[in-house]
Protein chains: 2
Amino acid sequence: MAIDHLDGRLITLLAREPRIGVLEASRRLGVARGTVQARLDRLQSNGVIRGFGPEVDPAALGYPVTAFATLEIKQGQGAVVRAHLTTVPEVLELHTTTGHGDMLCRLVARSNADLQRVIDRVVGFDGIVRASTAIVMENPVPLRIIPLVQQASED
Amino acid sequence: MAIDHLDGRLITLLAREPRIGVLEASRRLGVARGTVQARLDRLQSNGVIRGFGPEVDPAALGYPVTAFATLEIKQGQGAVVRAHLTTVPEVLELHTTTGHGDMLCRLVARSNADLQRVIDRVVGFDGIVRASTAIVMENPVPLRIIPLVQQASED
DNA sequence: GCATCTGCTGGGCACTATGCCTAGCGGTCG
DNA sequence: CGACCGCTAGGCATAGTGCCCAGCAGATGC
């Protein structure tokens with residue numbers, strides 16, 4: 001479950017240039033092809049690398065507005081609220097949290113006006129007591145993992 | 001920028017089985033290989049598909065704790081705070097938002113105790129007035145895009 | 001009505017990568 | 001000391017890739 005320096009370099013390389021194959025990666029890293037293959041297999045069966053799915057940009061799909069909604073849930077209604085939110089395509093992510101709210105979800109919408117529709121659909125559900133929404137203006141650090149991988153591979 | 005049904009099926013297929021190649025995808029979709037290649041090229045140059053980077057699980061790297069921190073920033077200190085947060089590997093994502101806070105960031109840590117260290121490092125910075133943190137307990141809906149792709153490809 | 005353009009098909013080609021194998025070699029550990 | 005593990009280096013058949021072409025159907029423009 002701990003990763004070494006070679007694993008870190010491999011992940012970084014794949015993140016930068018995902019289209020390269022095992023052979024090309026082994027050339028870049030200066031190791032044998034079998035080694036890269038073995039490392040990749042291990043990282044995947046470890047669960048460190050979950051997969052290589054396409055990263056889709058919601059903005060390019062016509063959903064340029066992102067927001068985070070904090071939801072407060074009526075006691076004992078957690079499960080149904082989850083099930084409800086799962087059915088809303090604009091809900092990209094849902095977490096249950098400690099703190100002021102009970103759940104935090106990431107939403108996207110076609111426009112600020114459309115966001116109203118999405119929020120209505122999300123919170124227009126028995127079991128949700130209160131919702132507060134924060135609209136994302138800028139995204140100075142898009143979801144990233146490389147710095148963490150490098151830290152993890154150095155110790 | 002709008003995607004049609006074939007694009008939707010292609011993205012869904014690639015998300016489910018990322019390891020298949022263009023040829024195999026064309027067989028599954030029942031279209032010619034050149035078509036799949038052309039669609040993929042278009043989706044990528046459109047920016048709809050940003051890439052095929054490895055999805056790394058922070059938990060498997062030894063960072064099983066996730067938290068969201070809402071930060072309040074001193075007027076005019078936005079830029080330096082961003083630069084500061086960029087240097088912290090445990091900051092996976094950073095947004096500037098409307099609403100109660102000014103910024104929202106996603107953090108990971110090795111443990112709840114370690115989270116304290118991360119938060120100290122994040123907020124121990126002149127320019128941050130106040131921070132409130134919500135620790136993630138469960139993640140009923142992990143980051144997903146397929147339902148949105150399917151909605152977008154149907155209209 | 002006719003020419004043009006675009007997107008898809010179906011095929012062919014050389015080249016490359018893959019999956020899978022073997023043998024050897026230097027470490028570590030009981 | 002012997003067994004084991006990870007890495008190297010190579011060989012081999014198969015499959016996929018990148019790139020080409022000609023043909024064809026539907027939409028668009030004149």
Side-chain angles (χ1 to χ4, degrees), chain A residues 1-57 59-62 146 148-155, chain B residues 1-57 59-62 146 148-155:
Chain A
M1 195 152 285
I3 65 173
D4 69 7
H5 193 60
L6 181 57
D7 291 321
R9 288 203 300 146
L10 176 57
I11 294 175
T12 305
L13 177 62
L14 289 175
R16 248 198 286 276
E17 306 175 52
R19 320 215 63 173
I20 69 174
V22 173
L23 183 57
E24 180 61 21
S26 73
R27 282 196 281 251
R28 304 282 186 92
L29 298 174
V31 298
R33 179 164 69 107
T35 305
V36 172
Q37 223 142 24
R39 295 300 187 108
L40 256 187
D41 289 349
R42 194 171 55 83
L43 289 171
Q44 295 206 56
S45 59
N46 269 349
V48 174
I49 296 182
R50 236 174 313 192
F52 291 88
E55 289 158 30
V56 177
D57 183 1
L61 275 183
I146 298 302
L148 194 71
V149 167
Q150 282 172 354
Q151 184 174 86
S153 68
E154 273 160 19
D155 50 33
Chain B
M1 194 152 285
I3 64 172
D4 69 7
H5 193 61
L6 181 57
D7 291 322
R9 287 204 299 146
L10 177 57
I11 294 174
T12 304
L13 177 62
L14 289 175
R16 248 198 285 274
E17 305 176 54
R19 319 215 63 172
I20 69 174
V22 173
L23 182 58
E24 180 61 22
S26 73
R27 282 195 281 252
R28 305 279 187 92
L29 297 174
V31 297
R33 179 165 68 107
T35 305
V36 172
Q37 223 142 23
R39 293 302 186 106
L40 255 187
D41 289 349
R42 193 170 56 80
L43 289 172
Q44 296 208 55
S45 58
N46 270 349
V48 173
I49 296 181
R50 238 173 304 175
F52 291 88
E55 289 158 30
V56 177
D57 182 1
L61 275 184
I146 297 303
L148 194 70
V149 167
Q150 282 173 353
Q151 183 174 85
S153 68
E154 271 161 18
D155 49 33

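Reminder, nothing fancy here: chain letters follow the sequence lines and each chain counts from 1.
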Problem set entry | Contact summary for Ala60(B) and Asn46(A), nearest pair of heavy atoms | CB-O, 4.2 Å
For this session: Verify side-chain contact (heavy atoms from CB on, under 4.5 Å) between Glu24(A) and Glu17(A), making sure each step is shown before the conclusion.
Result: CA-CA 11 Å; Glu24(A) 180 61 21; Glu17(A) 306 175 52; over 6 Å; no
Problem set entry | Near-strand residues of residues 38-57 of chain A, defined as heavy-atom separation under 4.0 angstrom from DNA chain D | Arg39(A)
Seminar exercise, completed: Shortest non-hydrogen pair, Arg39(A) vs Asp7(A), comes out as NH1-OD1, 3.0 Å
Problem set entry | For Phe52(B) against Glu55(A), the heavy-atom pair lying closest together | C-OE2, 4.4 Å
Problem set entry | Members of residues 11-33 of chain B that approach DNA chain C, where some heavy atom sits under 4.0 Å away | Val31(B), Ala32(B), Arg33(B)
Exercise. Looking only at heavy atoms, what is the nearest atom pair of Arg50(B) and Asp57(A), with distance?
Worked result: NH2-CA, 3.3 Å
For this session: Check whether more than 12 heavy atoms from other residues, nucleotides or ligands sit under 6.0 Å from atom CZ of Arg16(B), and answer yes or no.
Result: no
For this session: Locate the shortest heavy-atom distance separating Ser26(A) from Leu23(A); write the atom from each residue and the value.
Result: OG-O, 2.6 Å
Exercise. What are the two closest heavy atoms between Gly8(B) and Val149(B), and how far apart are they?
Worked result: CA-CG1, 3.9 Å
Exercise. Gln37(A) side chain N/O closer than 4.0 Å to the phosphate oxygens (OP1, OP2) of dG19(C)?
Worked result: yes
For this session: List the steps and the verdict of side-chain contact (heavy atoms from CB on, under 4.5 Å) for Ile11(B) and Val48(B).
Result: CA-CA 10 Å; Ile11(B) 294 174; Val48(B) 173; 4.2 Å; yes
Exercise. Is a side-chain donor or acceptor of Asp41(B) paired with a backbone partner of Ala38(B) at a separation under 3.5 angstrom?
Worked result: no
Exercise. Just the endpoints, please: which first and last nucleotides of DNA chain D, 5' to 3', lie under 4.0 Å from a heavy atom of chain A?
Worked result: dC7(D) to dG11(D)
